[in-house]
A.B. asks: 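Okay, handing you the structure first.
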Amino acid sequence: MYTKLLTLITLTVLFISCKDETTKTSTTPLSHSEYLIADTIIYDVIIKNPNPFDEWTTECLQYFDRANFVDDIFQAVYNKEIEAYSYFENETIRPNKLRKMEDNGEIVRDRIGKIQFTEKWYYNKNNLLFKKEILSVVLGEEIISQDSSIRGYKPIFRVSLNH
């Protein structure tokens, strides 16, 4: 418990000390004790273990239902509940175009192995809690080399979640 608290305090000091002094959003209180500490932060998360011998990644993903998550995102796009955008051009991908991309094998759901989050992070100094607001999610598909190993990932599409 003491180690976790010390780690949290250290991370907090690092976040606060690394802020850009030209922007006031990091220090503007949202309430008496809550601050926006990251206006925009982007990071990747592996959601499909590329190495079956990597026990740590297997353990980390044991409670994540990747297939359901990916299916839900695609279904929400098909149902027009959310819009998909091309990663590089930032243009809308219509549901019928996305379905064609799936049908012709350009997108294979089972190869989606990474997601990228764009978020805002808030910190409450009174209770030492972080709160995240997810702005968007990018699905990333594995790039398979000729020897069947994973060479990397390519972005499939982005969905915005800020309502």
Side-chain angles (χ1 to χ4, degrees), residues 7 11-12 14-16 18-20 22-26 28 30 35-123 129-163:
T7 302
L11 286 172
T12 302
L14 285 173
F15 279 130
I16 292 170
C18 293
K19 70 176 174 49
D20 180 2
T22 62
T23 179
K24 296 298 179 194
T25 57
S26 342
T28 304
L30 300 173
Y35 291 86
L36 176 64
I37 62 168
D39 184 65
T40 303
I41 191 159
I42 301 170
Y43 62 94
D44 298 340
V45 176
I46 297 290
I47 61 170
K48 180 181 175 191
N49 189 352
N51 179 355
F53 301 108
D54 180 350
E55 294 177 13
W56 187 25
T57 300
T58 298
E59 181 181 337
C60 291
L61 294 173
Q62 68 181 325
Y63 300 112
F64 180 66
D65 189 348
R66 184 189 62 79
N68 242 357
F69 172 77
V70 171
D71 289 346
D72 285 349
I73 296 290
F74 275 82
Q75 199 57 50
V77 172
Y78 290 146
N79 291 342
K80 298 180 181 179
E81 296 166 7
I82 57 176
E83 286 188 329
Y85 296 90
S86 60
Y87 182 79
F88 295 108
E89 296 85 19
N90 198 32
E91 295 174 356
T92 301
I93 302 173
R94 304 263 180 243
N96 60 345
K97 181 179 178 182
L98 183 61
R99 194 169 303 278
K100 284 180 186 177
M101 293 169 76
E102 275 199 279
D103 290 345
N104 71 21
E106 190 178 339
I107 295 175
V108 179
R109 291 188 198 191
D110 193 47
R111 289 198 315 241
I112 294 174
K114 182 184 271 192
I115 53 178
Q116 181 183 78
F117 289 103
T118 300
E119 300 176 343
K120 287 185 179 186
W121 287 4
Y122 302 90
Y123 172 66
L129 290 178
F130 285 92
K131 182 172 70 174
K132 297 179 177 188
E133 176 186 355
I134 300 172
L135 303 174
S136 67
V137 175
V138 176
L139 299 180
E141 186 175 6
E142 301 164 330
I143 300 170
I144 310 295
S145 64
Q146 290 184 1
D147 69 355
S148 297
S149 64
I150 296 173
R151 197 174 76 212
Y153 298 87
K154 66 178 180 179
I156 302 299
F157 59 80
R158 175 183 56 81
V159 292
S160 293
L161 302 176
N162 53 350
H163 305 280

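Atom set for the values below is all heavy atoms of this structure, side chains included, hydrogens, waters and symmetry mates excluded.
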A.B. asks: Who passes side-chain hydrogen bond (donor to acceptor under 3.5 Å, both in side chains) against Asn96, sequence neighbours left out?
C.D. replies: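 Residues passing side-chain hydrogen bond (donor to acceptor under 3.5 Å, both in side chains) with Asn96: none at all.
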A.B. asks: Do Tyr153 and Ile143 have side chains that get closer than 4.5 Å, going by heavy atoms?
C.D. replies: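 When only atoms from C-beta onward are counted, Ile143 and Tyr153 do not touch, as no gap falls below 4.5 Å.
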A.B. asks: Given side-chain contact (heavy atoms from CB on, under 4.5 Å), test Leu161 with Leu135 step by step and report yes or no.
C.D. replies: CA-CA 5 Å; Leu161 302 176; Leu135 303 174; over 6 Å; no
A.B. asks: Taking all non-hydrogen atoms of both residues, which atom of Asp54 and which atom of Asn49 are closest, and how far apart?
C.D. replies: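 Where Asp54 meets Asn49 most closely, the heavy atoms are O-ND2, 3.1 Å.
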A.B. asks: Does any part of the side chain of Ile73, heavy atoms only, come nearer than 4.5 Å to the side chain of Leu139, both counted from C-beta?
C.D. replies: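 Of all side-chain heavy-atom pairs linking Ile73 with Leu139, at least one is under 4.5 Å.
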A.B. asks: Side chains of Glu133 and Tyr122: any donor to acceptor distance under 3.5 Å?
C.D. replies: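 Note: Tyr122 and Glu133 side chains meet the donor-acceptor criterion.
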A.B. asks: Is there a side-chain contact between Val138 and Phe157 (heavy atoms, below 4.5 Å)?
C.D. replies: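 No; the side chains remain at least 4.5 Å from each other.
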A.B. asks: With side-chain contact (heavy atoms from CB on, under 4.5 Å) as the test, would you mind laying out the steps for Asp39 and Trp121 before giving the verdict?
C.D. replies: CA-CA 7 Å; Asp39 184 65; Trp121 287 4; over 6 Å; no
A.B. asks: Taking the six-membered ring of Tyr85, is the NZ or CZ of Arg158 close enough (under 6.0 Å from the centre) and on axis enough (within 45°)?
C.D. replies: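 Verdict for Tyr85: a cation-pi partner in Arg158.
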A.B. asks: Below 6.0 angstrom between ring centroids: does that apply to Phe130 and Tyr123?
C.D. replies: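 Here the rings of Tyr123 and Phe130 have centres that are less than 6.0 Å from each other.
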A.B. asks: Could I get the full list of side-chain contact (heavy atoms from CB on, under 4.5 Å) partners for Ile42, not counting sequence neighbours?
C.D. replies: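 With neighbours one apart ignored, the set is Thr40, Gln116, Thr118.
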A.B. asks: With sequence neighbours excluded, what pairs up with Glu141 under the side-chain hydrogen bond (donor to acceptor under 3.5 Å, both in side chains) test?
C.D. replies: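 Expected list: Arg111.
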A.B. asks: Provide the full list of salt bridge (Lys or Arg N to Asp or Glu O under 4.0 Å) pairs with a residue in residues 87-97, sequence neighbours left out, each pair given once.
C.D. replies: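 Sorted result for residues 87-97: empty, none.
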A.B. asks: How far does CD1 of Ile107 sit from CD1 of Ile156, to the nearest 0.5 angstrom?
C.D. replies: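 Interatomic distance, Ile107 CD1 to Ile156 CD1, rounded to 0.5 Å: 5.0 Å.
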A.B. asks: If I take atom NZ from residue Lys132 and atom NZ from residue Lys120, how far apart are they, to the nearest 0.5 angstrom?
C.D. replies: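 Result: 15.5 Å between the selected atoms.
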A.B. asks: What donor-acceptor contacts under 3.5 angstrom involve side-chain atoms of residues 62-70, with partners at least two apart or in another chain?
C.D. replies:
unit_1: Gln62; atom_1: NE2; unit_2: Glu59; atom_2: O; d: 3.4
unit_1: Asp65; atom_1: OD1; unit_2: Asn68; atom_2: N; d: 3.2
unit_1: Asp65; atom_1: OD2; unit_2: Asn68; atom_2: ND2; d: 3.1
unit_1: Arg66; atom_1: NH1; unit_2: Arg109; atom_2: O; d: 3.4
unit_1: Arg66; atom_1: NH1; unit_2: Ile112; atom_2: O; d: 3.1
unit_1: Arg66; atom_1: NH2; unit_2: Asp110; atom_2: OD1; d: 3.1

A.B. asks: Hey, what do you get for CG (Asn51) to OG1 (Thr58), rounding to the nearest 0.5 Å?
C.D. replies: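 Between Asn51 CG and Thr58 OG1, I get 8.0 Å after rounding to 0.5 Å.
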A.B. asks: Mind checking what makes side-chain hydrogen bond (donor to acceptor under 3.5 Å, both in side chains) contact with Lys131, not counting sequence neighbours?
C.D. replies: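 Lys131: side-chain hydrogen bond (donor to acceptor under 3.5 Å, both in side chains) contacts with Glu34.
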A.B. asks: Just checking Phe53: does its CZ atom have more than 12 heavy atoms from other residues, nucleotides or ligands closer to it than 6.0 angstrom?
C.D. replies: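 Not buried by this count: 12 neighbours or fewer within 6.0 Å.
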A.B. asks: Testing the 3.5 Å rule here: is there a donor-acceptor pair between the side chains of Gln75 and Asn79?
C.D. replies: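 Note: Gln75 and Asn79 side chains meet the donor-acceptor criterion.
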